[in-house]
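Quick notes on the structure that follows.
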Number of protein chains: 2
Amino acid sequence: MKVNFESLIDELKNKKIRLSHQRLKVLEYLTTNYNHPTADQIYNGLHDEVPTLSKTTVYNTLSSLLDAGLIRAINIEDNEVRYDINTHDHGHFKCESCKNIYDFNIDIDLFEADQLSGFEINDKNVFFKGTCRSCIADGKE
Amino acid sequence: MKVNFESLIDELKNKKIRLSHQRLKVLEYLTTNYNHPTADQIYNGLHDEVPTLSKTTVYNTLSSLLDAGLIRAINIEDNEVRYDINTHDHGHFKCESCKNIYDFNIDIDLFEADQLSGFEINDKNVFFKGTCRSCIADGKE
DNA sequence: TTGTTACTTTGTAATCATTACAACTTGATG
DNA sequence: CATCAAGTTGTAATGATTACAAAGTAACAA
């Protein structure tokens, strides 16, 4: 999944969100490091380049990007939130050995649960856990 | 979804997990209050009946029940884990207005993502967010 | 029934991600 | 380039969860 940095900036302008230096750097980080990072990883990853960056700003920025719908939050473990620049519907697989998160395509509309008729659905999430192919090959399962 | 308390006890015995008073009370609470409670709700709900119960015990108990596969953890929000006595595959819908969690049936095997071939999948989760029917009827959406 | 022992429980303190807050700074608009 | 609402920063607070060590108890055997 390739995400265009320029089009993200256009979206920020459309939504009247200021293009602050810090915000652009966080967005750039997310488009460059497409590995579903945590807030802490973003903070550490940008620290050399933007020494004045504070962790509060990372959280604030992620919060406004979430509100604007430019990114999505992934809650798989209870002790970490990961952020995804890919806002298209897709599933996540977390390897319990190497901890990596893999994307996979799903047709999420296959779930037309009649039990939810009359419900308004804003957000659909699918995630699996297990052991990824390369960890199995390495005998780490 | 009806869960049989007796069969849960048999499972504990099979898995050599001691039937302590506290553990049985937590299990009983989960079978009686089938509303996906948090650890805190379980603790408060049992406090009158088991005044000596500590919150650490609730966490310890939930942890061993999870390990034994008798319950499942639900991570929808980043700031709360909910526990589910129903370990069969099913989806969860969280209403962002009334905060209730609804179950719905899904055929989770519809997801045979070829991208995950060679992966070992241990756990499949599906959750939606939105507004439930009764909150929509009450104009709370 | 009792003794033994390993497993459990408990309360307190620590941890760690996230949020609140108030002073300072800056992007956008005219 | 002046203005000011919005953004940033550091510190302190919050709140769920975990670590730990002392005290208690379930399970098993004799």
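So you know, we letter chains A, B, ... as the sequences are listed, proteins then strands, and number each from 1. If you're wondering where the values come from, they're calculated on a predicted model, not measured in any experiment.
For A/Gln115 (side chain) and B/Asn105 (main-chain N/O), a donor-acceptor pair under 3.5 Å exists by modelled atom type. Remark: side-chain polar atoms of A/Lys124 are not paired, donor with acceptor, to backbone N or O of A/Ile121 under 3.5 angstrom.
With sequence neighbours excluded, the residues that form a side-chain contact (heavy atoms from CB on, under 4.5 Å) with A/Asp123 are A/Arg72, A/Asn125, B/Lys129. For B/Arg133, the side-chain contact (heavy atoms from CB on, under 4.5 Å) partners at least two apart in sequence or on another chain are A/Ser117, A/Phe119. Every residue two or more places apart in sequence or in another chain that forms a side-chain contact (heavy atoms from CB on, under 4.5 Å) with A/His47 is listed here: A/Tyr43. Every residue was checked against the side chain to side chain donor-acceptor pair (under 3.5 Å) condition with A/Thr56, not counting sequence neighbours, and none meets it. Among residues two or more places apart in sequence or in another chain, the side chain to side chain donor-acceptor pair (under 3.5 Å) test is passed with B/Thr57 by B/Ser54. Residues meeting the side-chain contact (heavy atoms from CB on, under 4.5 Å) test with B/Asn100, sequence neighbours left out: B/Cys98, B/Tyr102.
What separates CG of B/Leu12 from C1' of C/dC7 is a distance of 14 Å, to the nearest Å. To the nearest angstrom, P of C/dA28 lies 9 Å from CG of A/Leu24. For the pair A/Gln41 CD and C/dT18 P, the interatomic distance rounds to 11 Å; values are reported in whole Å. In this entry the distance linking CD1 of B/Ile42 with P of D/dA16 reads 14 Å, nearest Å. Taking atom CG of residue B/Leu62 and atom C1' of nucleotide C/dT8, one finds them 15 Å apart after rounding to whole Å. Protein atom CG of A/Asp40 is 17 Å distant from nucleotide atom P of C/dT15, rounded to whole Å. The interatomic distance linking B/Asn44 (CG) with D/dA16 (P) rounds to 10 Å, in whole Å.
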Practice problem: Indicate for each nucleotide in nucleotides 3-15 of chain D, in 5' to 3' sequence, whether protein heavy atoms under 4.0 Å reach the base (B), only the sugar-phosphate (S), or nothing (-). | Solution: --BBSBBBB----
Which donor-acceptor pairs under 3.5 Å do the side chains of residues 6-15 of chain B make with protein atoms, sequence neighbours left out?
residue : atom : partner : partner atom : Å
B/Ser7  : OG   : B/Asn4  : O            : 2.8
B/Asn14 : ND2  : B/Asp10 : O            : 3.4
B/Lys15 : NZ   : B/Ala68 : O            : 2.6

Show me the side-chain donor-acceptor pairs of residues 73-83 of chain A shorter than 3.5 Å, one per line, residues at least two apart or across chains.
residue : atom : partner : partner atom : Å
A/Asn75 : ND2  : B/Ile76 : O            : 3.0
A/Glu80 : OE2  : A/Arg82 : NE           : 2.8
A/Glu80 : OE2  : A/Lys94 : NZ           : 3.0
A/Arg82 : NH1  : A/His36 : O            : 2.9

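Sorted by first and then second residue, the salt bridge (charged side-chain N to carboxylate O under 4.0 Å, His left out) pairs involving residues 36-46 of chain A (not counting sequence neighbours) are A/Asp40-A/Lys55.
Fit an axis to the five pairs at each end of the helix from C/dT1-D/dA30 to C/dG30-D/dC1 and the two axes sit 40° apart, to the nearest 10 degrees.
DNA chain C is contacted by no residue of residues 76-84 of chain B, taking any non-hydrogen atom closer than 4.0 Å.
One finds a side-chain N or O of A/Tyr59 lying less than 4.0 angstrom from the OP1 or OP2 phosphate oxygen of C/dT18.
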